[in-house]
Each structure stands twice: as structure tokens, then as C-alpha cells.
There are 2 protein chains.
Amino acid sequence: MNIGQAAEAAGLPAKTIRYYEEIELIKPRRDDNGYRAFAPEDIHKLAFLARARALGFTIEECRALLGLYEDESRASEDVKKLAQVHLARIDAKIAELRALRATLGELVDACAGDNRPDCPILNDLAAPAPGARGAKAR
Amino acid sequence: MNIGQAAEAAGLPAKTIRYYEEIELIKPRRDDNGYRAFAPEDIHKLAFLARARALGFTIEECRALLGLYEDESRASEDVKKLAQVHLARIDAKIAELRALRATLGELVDACAGDNRPDCPILNDLAAPAPGARGAKAR
DNA sequence: ATGAGGCTTCCAGCGGCTGGAAGGTCAACC
DNA sequence: GGTTGACCTTCCAGCCGCTGGAAGCCTCAT
């Protein structure tokens, strides 16, 4: 199976697959002509990686997950810990974005959005209103 | 005012300020010794940039905002549009993260997290459960 | 004169790809 | 046999927004 079909099967761009080989996430063998030859288990791994990446795991976490996946004597605890770390990261990011959203939403609401120059958004960026951004909690 | 004090005053690392000069967001004059000399309006701009960046605007959006800020004949509509685009981006990101959070949360809850190898997280990564991820809506 | 702490420039690297150039290979068709 | 055209290969550069570090100059206090 060449890289084109592998890409199709795994749902990843060929470029990404080459990159994954470069960083040694996968090690497909080569045909005599130098073409990568993907075995079913390579495809399987690629699909695994695609899904782990889609869930937001970093490449290094994916490497670890793949290692655990292939280790029959793993403890599910180790997998769960990785996932929990990632979950906490997601939660932190959501909280951060929500705070931004709140501030920015207020500013947008306060802005007339007409052809006059006066603009609460710019005013806030130039010197944030003392109570407008959660007082002292940043 | 040298870069150290400017960094202190604006709440940005000196490295970042040099970078902002390189990409021409600011143009501080130079002393005879080659040191950057920051005028009060430079500091003001840097603080503006720091706040705009903290709200998640991209560098190019910050450039546009700064331009509008300095343009006395601006229309607040233009500022508002920029902010709304960014707001939509934030909302999209939040929605995306929430979807991830939901999926990952379920998997974490389903995982025993003990010393046995069986793990729903890995199982899902290897072949997602057909109904587990929003059916067909991806 | 020396040393500490600023400042300068330049280059490299982070993550995770992505685009593009230059060239080899293969299968099909005339 | 020749020629497309689609595939494959490698390598280098770039995205964003910094950040770290090296090498060297400037300034001020001792």
C-alpha cells in the first residue's frame, strides 16, 4: 500500500504521514523502488494517531499512547493519567477563552458600530476601565 | 527610556518589544549609542498591544487596531467588525473544545484506571465506538 | 581597571505541519 | 518505443509569535 492509499485509509494527508515517519511514530518498510509500503498495522497505527490528534493530544502524548497501546502489560491507570492531564488542559483553555469571550463580548456590545470614531473597544485597549475586567482578578 | 523600563512599563518582555519593532508595529527612535529610546507614546502603544494580544487578537489584527486607534477619522464600525470576527473565532474554539471535552470526559470516566491493561480510552482510539462520538456528525 | 548588568545583533528552535521545487517511477495509451 | 500524467521521493522554507542563547558593545559603580 502506497502513501496515497494509506493517507486515504487513515484520513491523514500524505505530508503528515511522511512527517510521522520522520519523527519515528511509524516505520513503514520500503519497496525496492524506494516507495513506502504500508502494512495493515501501519494503517491501523496511523488511524490511531489521527484520532488521538483529533482529540487534541500532543504528538508526544500520542507517542506515549501508542506505546501503551502496544504494550500488553500496560496499566489502564497510565492511560487514564495521560487523558486526565489533557482534560485539565482543555478545561483550562475553555476557562481562558470564556473569560476572553466575556470581556470582548461586553466591549462589542458597548460599541455603536457606526461611522463615528468614538469606540469603547479602543478606549478599553488604550486604558482598560478599572472595574470592567474582573476588578483585580486577572 | 530604555527597553528594560519600557518592558516593565508595558508589561511585555524586552524580546517581544524588539520583535514588535522588527515587524514594524512600533518604531522607537535610537540614542547615539544605538539603544532604543522609548517615548511615552511608544509605551502607550506597547501597552495597547499587550492588551489587544491578551484579548487574543492576532498580530495583524493588532496592527489594524492600532491603525484605527491612531486614525481620528475612523468609524467605530470597523473596530467592531474586527472584534466580532475575533469573537466568532473564540466561540468556534470554545465549541470545539467543549466537544473534545465531552468525548474525552466520557472515555476517562469509563476507564478503570487500575493496573489492568483493559482500557476504553485505547479501545476508542483504536476503533471509535460507532455511537460514541455524536453518531455520524463529525 | 574591573566587574556587573544593561543593551545590541543574529541565528536557531518551539509544534505540527504545509507548500513547493526538482526529480524518480509506474501504468496506460498511441 | 515514446509520451503523457499521476504518483512517489527528498529537501528546504515558511507559518505564528515569540523565546533562548551566543557574542559583543555600553554604562556605571567601585
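Because the structure is predicted, anything quoted here is derived from the model rather than measured. Letters A, B, ... mirror the listed sequences (proteins, then strands); counts begin at 1.
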What is the separation between atom [atom1] on [X] and atom [atom2] on [N], rounded to the nearest whole Å?
{"X": "B:Ile26", "N": "D:dG17", "atom1": "CD1", "atom2": "P", "value": "16 Å"}
{"X": "B:Glu8", "N": "C:dC7", "atom1": "CD", "atom2": "C1'", "value": "17 Å"}
{"X": "A:Glu22", "N": "D:dC11", "atom1": "CD", "atom2": "C1'", "value": "10 Å"}
{"X": "B:Glu24", "N": "D:dG17", "atom1": "CD", "atom2": "P", "value": "16 Å"}
{"X": "B:Ile3", "N": "C:dG6", "atom1": "CD1", "atom2": "P", "value": "13 Å"}
{"X": "B:Arg89", "N": "D:dC16", "atom1": "CZ", "atom2": "C1'", "value": "12 Å"}
{"X": "A:Arg36", "N": "C:dT25", "atom1": "CZ", "atom2": "P", "value": "15 Å"}
{"X": "B:Tyr20", "N": "D:dG17", "atom1": "OH", "atom2": "P", "value": "8 Å"}

Do any side-chain nitrogens or oxygens of [X] fall under 4.0 Å of OP1 or OP2 in [N]?
{"X": "B:Arg53", "N": "D:dC18", "value": "yes"}
{"X": "A:Asn33", "N": "C:dC26", "value": "yes"}
{"X": "A:Arg30", "N": "D:dT10", "value": "yes"}

message = Closest-nucleotide mapping onto DNA chain D: is B:Thr16 or A:Glu21 further toward the 5' terminus? I mean the 5' end.
response =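 Result of the comparison: A:Glu21.
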request  = Give the ring-plane orientation class for B:Tyr69 versus B:His44, where under 30° counts as parallel, over 60° as perpendicular and anything between as tilted.
outcome  =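 B:Tyr69 vs B:His44 ring planes: perpendicular.
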inquiry  = By the 4.0 Å heavy-atom rule, please label B:Arg18 as base, sugar-phosphate, or nothing.
reply    =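 Touches a base.
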query = If you take atom types as modelled and just measure distance, does the side chain of A:Tyr19 reach the base of C:dG15 with a donor-acceptor pair under 3.5 Å?
reply =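 No, the side chain and the base share no sub-3.5 Å donor-acceptor pair.
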message = Distance criterion of 3.5 Å, no angle test: do you see the side chain of A:Lys15 paired donor-to-acceptor with the base of C:dG20?
response =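 Side chain to base: pair present.
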query = Can you find a pair of side-chain heavy atoms, one from B:Arg36 and one from B:Asn2, that are under 4.5 Å apart?
reply =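 Contact flag for B:Arg36/B:Asn2 side chains = no.
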query = Does B:Leu49 reach the side chain of B:Tyr20, with side-chain heavy atoms less than 4.5 Å apart?
reply =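 Result yes, sub-4.5 Å side-chain heavy-atom pair found.
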key: Among A:Arg53, A:Arg89, A:Lys81, salt bridge (Lys or Arg N to Asp or Glu O under 4.0 Å) partner for A:Glu61   =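 One option only clears the test, and that one is A:Arg89.
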key: A:Arg116/A:Asp118 ion pair, N-O < 4.0 Å   =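 No, A:Arg116 and A:Asp118 are not salt-bridged.
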